[in-house]
*Asks:* 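Take a look at this one; I'll ask things after.
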Amino acid sequence: MMKTIPNEPTAPQLLDRRDERVRHDDSLAGSIRAFWDRIRSGDLGSLPVIVGLAIIWTVFQALNPVFLSSANLVNMLFDCSTVGVISLGIVCILMVGEIDLSVGSVSGFASALVGVFWVNQGWPVVLAVLAAMIVGALIGSLYAFLFNRFGMPSFVSTLSGLLAVLGLQLYILGATGSINLPYGSWLVNFGQIMVMPDPVAYLLVAIAGIAFFLASYRTSARRRAAGLSSKSTGGLLLRAVVITVALEAVAFYLNQSRGIPWMFGLFVGLVAAMNYALTRTKWGRSMQAVGGNREAARRSGINVSRIYASAFVTCALLAATGGVLSAARLATASQQAGTGDVNLNAIAAAVIGGTSLFGGRGSAYSALLGIIVIQSIASGLTLLDLSSSLRYMITGAVLAVAVVVDSLARRSRISHGRA
């Protein structure tokens, strides 16, 4: 004779309890508990870099009140854009667990090509820019071919490319070593003085807030349809309103000086587009899968070679784009373009911003947050009239801390079964 277990929940009761958990997740306490659970399991997201940025800004503002002035922040946004675009390409290559050490040289070569084609050869500026970007993409294609066809490690191929492309840059610039770009041209104005009109800045921020709410609502609706916990519509709306108001306040503050640079707007637009590609498309999911486990991705039917090729090409293309923006910012193409700390800052920004060196985890917003951290350190030390040696040491220390945090977070995710 079968025995029944007392108080055993029936199927309808289980469904009711699931619905109760979903409703519980909508509450503030549930959201806080879920956030704390993610932190404990190693899913830190952008929290470490935001905390670090707040500390950096607090220290420099206390030492020099000019640091957070609207004029200084506008200059920082101009300077962030060039290396930030290069760092965005580094995010892509790190996502698949590889590296590109030649992005600085590729950016310098692209700036030199713009100067040669536009000034020396008399090409239209648009064609010169497009040619430089195409050459960058071809360099990335060469790296992809060496990696996929011969299995050459990306460290070796891109290190070779660093030297070869630097040689090409020196060769095409010739004995003069630099080419001045025409002042007053739209490209130079774009890199130095063009800012958004106040109404346009406010409108773009409002559009970004609406887009954020719609994307969050769509994700929440899909989770509800799948029977998973999701956030309430009211909570999503409140979050979108808070973010929009905060960004509008930032735009208002920056408009007290020159305003938001169009070049920084281009950078943010590229970040948003890359974020959509990495999180909402098959290509982005494939990038994460290949970076997480190459063999498992291959067995699941992903064309691994094609994904690697797309990562190398995207990284080199964005490096060339950053070089064009750098030429516009400096109004010159010289032998020093792309050298110095450009290469290291681009890689450091991606890692400091939260992209994992182990592959499979990262965000396009890592480039944005990371380059703001690096540029904040540079700007703060410049205002304090301190040696550039301190900037290298502080940036190196911040990078080391970021890698340690990434390693500890990865261990925590493994121990919680979320790696």
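We count residues from 1, following the sequence as given. These values consider heavy atoms only, across backbone and side chains, with no hydrogens, waters or symmetry-generated copies.
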*Asks:* Passes side chain to side chain contact (heavy atoms under 4.5 Å, CB included), Phe60 versus Ser379? Steps please.
*Replies:* CA-CA 9 Å; Phe60 281 126; Ser379 177; over 6 Å; no

*Asks:* Heavy-atom count check: over 12 atoms from other residues, nucleotides or ligands less than 6.0 Å from Tyr253 OH?
*Replies:* yes

*Asks:* Are Val129 and Trp118 close enough that some pair of their side-chain heavy atoms sits under 4.5 Å apart?
*Replies:*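 They are not in contact (no side-chain heavy atoms under 4.5 Å apart), so the answer is no.
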
*Asks:* Once the angle between the rings of Phe147 and Tyr308 is folded into 0 to 90°, is it parallel (under 30°), tilted (30 to 60°) or perpendicular (over 60°)?
*Replies:*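 The rings of Phe147 and Tyr308 sit tilted, inter-plane angle from 30° to 60°.
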
*Asks:* Is it true that a side-chain atom of Ser107 and a backbone atom of Gly104 form a donor plus acceptor pair closer than 3.5 Å?
*Replies:* yes

*Asks:* Does OH belonging to Tyr217 count more than 12 external heavy atoms closer than 6.0 Å?
*Replies:* no

*Asks:* Closest heavy-atom contact between Ser178 and Ser334?
*Replies:* CB-CB, 3.8 Å

*Asks:* With no hydrogens and no angle check, is any side-chain donor or acceptor of Asn64 less than 3.5 Å from a backbone partner on Gly380?
*Replies:* no

*Asks:* So, Ser220 versus Arg224: side-chain donor-acceptor pair below 3.5 Å or not?
*Replies:* yes

*Asks:* Given side chains that start at C-beta, do those of Thr82 and Ile86 come closer than 4.5 Å, heavy atoms only?
*Replies:* no

*Asks:* Is the number of heavy atoms from other residues, nucleotides or ligands under 6.0 Å of Arg239 CZ greater than 12?
*Replies:*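 No, because the 6.0 Å sphere around CZ of Arg239 holds 12 heavy atoms or fewer from other groups.
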
*Asks:* Looking only at heavy atoms, which two atoms of Ile260 and Ala251 are closest? And how far apart?
*Replies:*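 The answer is CD1-CB, 4.0 Å.
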
*Asks:* Looking at Leu278, is its backbone amide N or carbonyl O close enough to the side chain of Gln288 to form a donor-acceptor pair, meaning the two atoms are under 3.5 Å apart?
*Replies:*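 Between the backbone of Leu278 and the side chain of Gln288 there is a qualifying donor-acceptor contact (under 3.5 Å).
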
*Asks:* Looking at Ser70 and Leu254, would you say the former's side chain and the latter's main chain have a donor-acceptor pair under 3.5 Å?
*Replies:*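 Here the side-chain-to-backbone pair does not exist.
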
*Asks:* Check whether any side-chain N or O of Gln61 sits under 3.5 Å from a backbone N or O of Leu68 as a donor-acceptor pair, and report yes or no.
*Replies:* yes

*Asks:* Applying the side-chain contact (heavy atoms from CB on, under 4.5 Å) test to Leu146, which of Ser160, Pro153, Ser157 qualifies?
*Replies:*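 Output: one option passes, namely Ser157.
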
*Asks:* Could you check whether atom CZ of Arg280 has more than 12 heavy atoms from other residues, nucleotides or ligands sitting under 6.0 Å from it?
*Replies:* yes

*Asks:* For the residue pair Gly191 and Met263, what are the closest heavy atoms and their distance?
*Replies:* O-CE, 3.7 Å

*Asks:* Hey, does Val165 have a side-chain heavy atom less than 4.5 Å from the side chain of Ser102?
*Replies:* no

*Asks:* Using a 3.5 Å distance criterion without hydrogens, assess whether the side chain of Asn72 forms a donor-acceptor pair with backbone atoms of Phe67.
*Replies:*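 Yes; judged by distance alone, with no hydrogens or angles, the pair exists.
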
*Asks:* Considering non-hydrogen atoms only, spot the tightest contact between Asn343 and Leu101 and give its length.
*Replies:*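 For Asn343 and Leu101, the tightest heavy-atom pair comes out as ND2-O, 2.7 Å.
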
*Asks:* For Arg306 and Ser310, run side chain to side chain donor-acceptor pair (under 3.5 Å): C-alpha distance rounded to whole Å, both residues' side-chain angles, the deciding distance at 0.1 Å, then the answer.
*Replies:* CA-CA 6 Å; Arg306 185 176 298 174; Ser310 67; over 6 Å; no

*Asks:* May I ask you to test the Ile307-Asn303 pair for a side-chain heavy-atom distance under 4.5 Å?
*Replies:* no

*Asks:* Heavy atoms only: give me the nearest Gln375-Cys80 pair and the separation to one decimal.
*Replies:* CB-SG, 3.5 Å

*Asks:* Which residues pass the side-chain hydrogen bond (donor to acceptor under 3.5 Å, both in side chains) test with Arg149, sequence neighbours left out?
*Replies:* none

*Asks:* List the atom of Leu181, the atom of Thr332, and the distance in Å for their closest heavy-atom pair.
*Replies:*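 Smallest interatomic distance, heavy atoms only, reads CG-N, 3.9 Å.
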
*Asks:* Does the plane of the ring in Phe117 sit parallel, tilted or perpendicular to the ring in Trp123? Use 30° and 60° as the thresholds.
*Replies:* parallel

*Asks:* Side chains of Ile193 and Arg258: closer than 4.5 Å at any heavy-atom pair?
*Replies:* yes

*Asks:* Strictly distance-based, threshold 3.5 Å: is any side-chain N or O of Ser81 a donor or acceptor partner for the main-chain N or O of Leu77?
*Replies:*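 Indeed, once roles are kept as given, a pair shorter than 3.5 Å links the two residues.
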
*Asks:* Applying the side-chain contact (heavy atoms from CB on, under 4.5 Å) criterion to Val241, which one of Val245, Ile243, Thr244 satisfies it?
*Replies:* Val245

*Asks:* Are Met274 and Val91 packed together at the side-chain level, in the sense that at least one heavy-atom pair is separated by less than 4.5 angstrom?
*Replies:* no

